[in-house]
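Notes for the one structure printed next.
Chain A is the first sequence line, chain B the second, and so forth, proteins listed ahead of strands; every chain is numbered from 1.
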2 protein chains.
Amino acid sequence: MRQRQLTEEPQNQDIRALTLDTALRLFTEKGFFNTSMQDIRKDADVSIGSIYHYFKSKESLAQALYHDLVGRFEKAVEEIMLRHGSTHDRARAVTLFLLEMAENSPQGIQFLFCAKHREFLPCEKPICASRPFELIRDIVATGIERGELCELNPVVATASLFGGVIRLIHLKLDGALEGSLPDYFDQIWQCAWASVT
Amino acid sequence: MRQRQLTEEPQNQDIRALTLDTALRLFTEKGFFNTSMQDIRKDADVSIGSIYHYFKSKESLAQALYHDLVGRFEKAVEEIMLRHGSTHDRARAVTLFLLEMAENSPQGIQFLFCAKHREFLPCEKPICASRPFELIRDIVATGIERGELCELNPVVATASLFGGVIRLIHLKLDGALEGSLPDYFDQIWQCAWASVT
DNA sequence: GTCTATACCTGGATAGAC
DNA sequence: GTCTATCCAGGTATAGAC
């Protein structure tokens, strides 16, 4: 894993990065299966040969994208756990992070939260079994143990605490919500916190 | 629309219904794009010719499925609105309905809530703009007007009230939740209601 | 109305020049 | 490392017999 990155990264990153950017945009706009390698080629203005030089298949391109995004999300959650101690502050920071990410890089969050990866990355675990989601469940489980949240099944508590924001993000991405997402932070966070205390 | 149904329905419904059932199963198991008409043909044990006799294309097959499911969901919400008057009872009944449907016909709910229809039904509105979802937002909006829910943006309130259940259903379908969904009804409903009052 | 055989085409991936 | 040209599998949809 880390080794693969080492052998790939010393190469010229321009085309690789450009391809990733373009693919993310097209995958989220039209979906993985509606996006052909030719579409990516055209939009990125590079050749098919170059793309296949950096990625051995369309699937591995999607996988690189996915791992990159999951990794960034994981890092963000880890930082939040270091910076904040109480369950309240941690969950609040995660909520804010999600809203800001959805506003600033909607494609990233759409690919992470709304795409059905299993359909084009059959070897991948479901997203909710990935590391960052585990960390979030840990935050909640710890909160229940410490008595900072009320006694609930941890999965139910997590769904309740973050289901609202995630749903709100879905609605925004589908065009059902006006205005900017972070504007709703106070409202949605207040609801979420009230639901588990 | 109604006319098309009239011309189609007098025919032998066995193959049509069998095709729809099989398609729903395969679409939810493997995804629309990973399911070929040949796959449906094999699993339903009918011929390609027969399928194309009832559905003019793969897309129209998916559309029939989708309209059927949206229609059933809409009818369920309408009945709930007739049977119950208060916002509390209405939202509670919708929550219970969702959990029971997810338990009894997981494929139906998965196709309705988790599939990305726009990718294979490009002319369809986003699911959250469909009639049953509008009805649910109406329930919430009315609740706010009547003072049965606290003053919130209606979309935020809806996300908060139903985001938890929807998230829980996602988690269950992804295998992240043990046990049967309706068992968690009390917990999740209590959280949801507390979040908006 | 149901079937088989097949036409047609898109799209992923490769070969090989530069 | 980057490109163009091309191969080939697989999938949708149709034609036409029964």
Side-chain angles (χ1 to χ4, degrees), chain A residues 4-66 115 117 119-124, chain B residues 4-66 117 119-123:
Chain A
R4 186 151 53 98
Q5 284 183 355
L6 279 173
T7 58
E8 277 178 7
E9 291 196 352
Q11 297 168 340
N12 178 352
Q13 289 303 293
D14 289 352
I15 288 189
R16 188 184 148 89
L18 186 60
T19 304
L20 283 170
D21 279 1
T22 308
L24 175 60
R25 187 166 52 75
L26 291 176
F27 287 167
T28 50
E29 275 172 12
K30 318 199 302 173
F32 177 82
F33 293 101
N34 290 321
T35 303
S36 70
M37 293 299 262
Q38 296 293 342
D39 292 336
I40 299 173
R41 181 198 69 77
K42 269 181 270 175
D43 269 39
D45 199 35
V46 295
S47 71
I48 284 282
S50 290
I51 298 181
Y52 277 99
H53 176 74
Y54 290 101
F55 306 97
K56 78 167 204 292
S57 66
K58 187 185 177 186
E59 183 180 321
S60 94
L61 171 51
Q63 196 161 50
L65 223 39
Y66 183 68
H117 316 97
E119 288 185 7
F120 49 90
L121 299 175
C123 300
E124 219 52 61
Chain B
R4 186 152 53 97
Q5 284 184 355
L6 279 173
T7 58
E8 277 179 7
E9 291 198 350
Q11 298 169 341
N12 178 351
Q13 288 304 292
D14 290 351
I15 288 189
R16 188 185 148 87
L18 185 60
T19 304
L20 282 170
D21 280 1
T22 308
L24 175 60
R25 186 165 52 74
L26 291 176
F27 287 168
T28 51
E29 276 172 12
K30 317 199 303 173
F32 177 83
F33 294 101
N34 290 320
T35 302
S36 71
M37 293 298 261
Q38 296 293 343
D39 293 335
I40 299 173
R41 181 198 70 76
K42 269 180 269 176
D43 269 39
D45 199 34
V46 295
S47 71
I48 283 281
S50 290
I51 298 181
Y52 277 98
H53 175 74
Y54 290 102
F55 306 97
K56 79 167 203 292
S57 66
K58 186 185 177 187
E59 183 180 321
S60 94
L61 170 51
Q63 196 160 51
L65 224 39
Y66 182 68
H117 316 96
E119 289 185 7
F120 49 90
L121 300 175
C123 301

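- At its two ends the helix from C:dG1-D:dC18 to C:dC18-D:dG1 runs along axes set 10° apart, each axis drawn from five pairs and the angle rounded to 10°.
- As rounded to whole Å, 15 Å separates atom P of D:dG10 from atom CZ of B:Arg41.
- Look at CZ on B:Phe33: it is 14 Å from C1' on C:dT10, rounded to the nearest Å.
- Taking only side-chain atoms of B:His53, from C-beta outward, the nucleotide of C:dC3, C:dG1, C:dG11 with the closest atom is C:dG1.
- The CG atom of A:Asn34 sits 11 Å away from the P atom of C:dG12 (whole-angstrom rounding).
- We find the NZ-OG1 distance between B:Lys42 and B:Thr22 to be 13.0 Å, quoted to the nearest 0.5 Å.
- Spacing between atom CG of A:Leu18 and atom P of D:dT2 amounts to 11 Å, rounded to whole angstrom units.
- In this structure, A:Leu61 atom CG and C:dG11 atom P are separated by 16 Å, rounded to whole Å.
- The phosphate of D:dT4 (OP1 or OP2) has no side-chain N or O of A:Ser47 nearer than 4.0 angstrom.
- Distance A:Ile40 CD1 to D:dT2 C1': 17 Å, rounded to the nearest Å.
- Within the nucleic acid shown, B:Ser60 has no heavy atom closer than 4.0 Å to any nucleic acid atom.
- We find that CZ of B:Phe120 is positioned 17 Å from C1' of D:dT12, with the value rounded to whole Å.
- Note on ring orientation: taking the six-membered ring where Trp is involved, the planes of B:Phe33 and B:Phe120 are perpendicular (angle over 60°, cut-offs 30° and 60°).
- Taking CG of B:Asp43 as the reference point, atom CG of B:Asp21 lies at 12.0 Å (rounded to 0.5 Å).
- In this structure, A:Asp39 places its CG atom 12 Å from P of C:dT10, rounding to the nearest Å.
- For the atom pair CD1 (B:Ile48) and CE (B:Met37), the distance works out to 6.0 Å, reported to the nearest 0.5 Å.
- To the nearest 0.5 Å, atom CD1 of residue B:Ile40 and atom CG of residue B:Asp45 are 14.0 Å apart.
- Between the CD atom of B:Glu29 and the CG atom of B:Asp39 there is a distance of 10.5 Å, given to the nearest 0.5 Å.
- When the nucleotides C:dG11, C:dT2, C:dC3 are ranked by their closest atom to the side chain of B:Tyr54, C:dT2 comes out on top.
- At least one side-chain heavy atom of B:Tyr54 sits less than 4.5 Å from a side-chain heavy atom of B:Ile15.
- Here the closest heavy-atom approach between residue B:Phe27 and residue B:Lys58 is recorded as CE2-CE, 4.3 Å.
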Output a table of nitrogen or oxygen pairs between the protein and nucleotides 13-18 of chain D separated by less than 3.5 Å.
residue : atom : partner : partner atom : Å
D:dA13  : OP2  : B:Tyr52 : OH           : 3.1
D:dA13  : OP2  : B:Lys58 : N            : 3.0

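- Checked against A:Tyr66 for a side-chain contact (heavy atoms from CB on, under 4.5 Å), the options A:Leu24, A:Leu61, A:Leu121 give a single hit: A:Leu121.
- Comparing A:Thr35 and B:Ser50, the nucleotide of DNA chain C nearest to each residue sits closer to the 5' end for B:Ser50.
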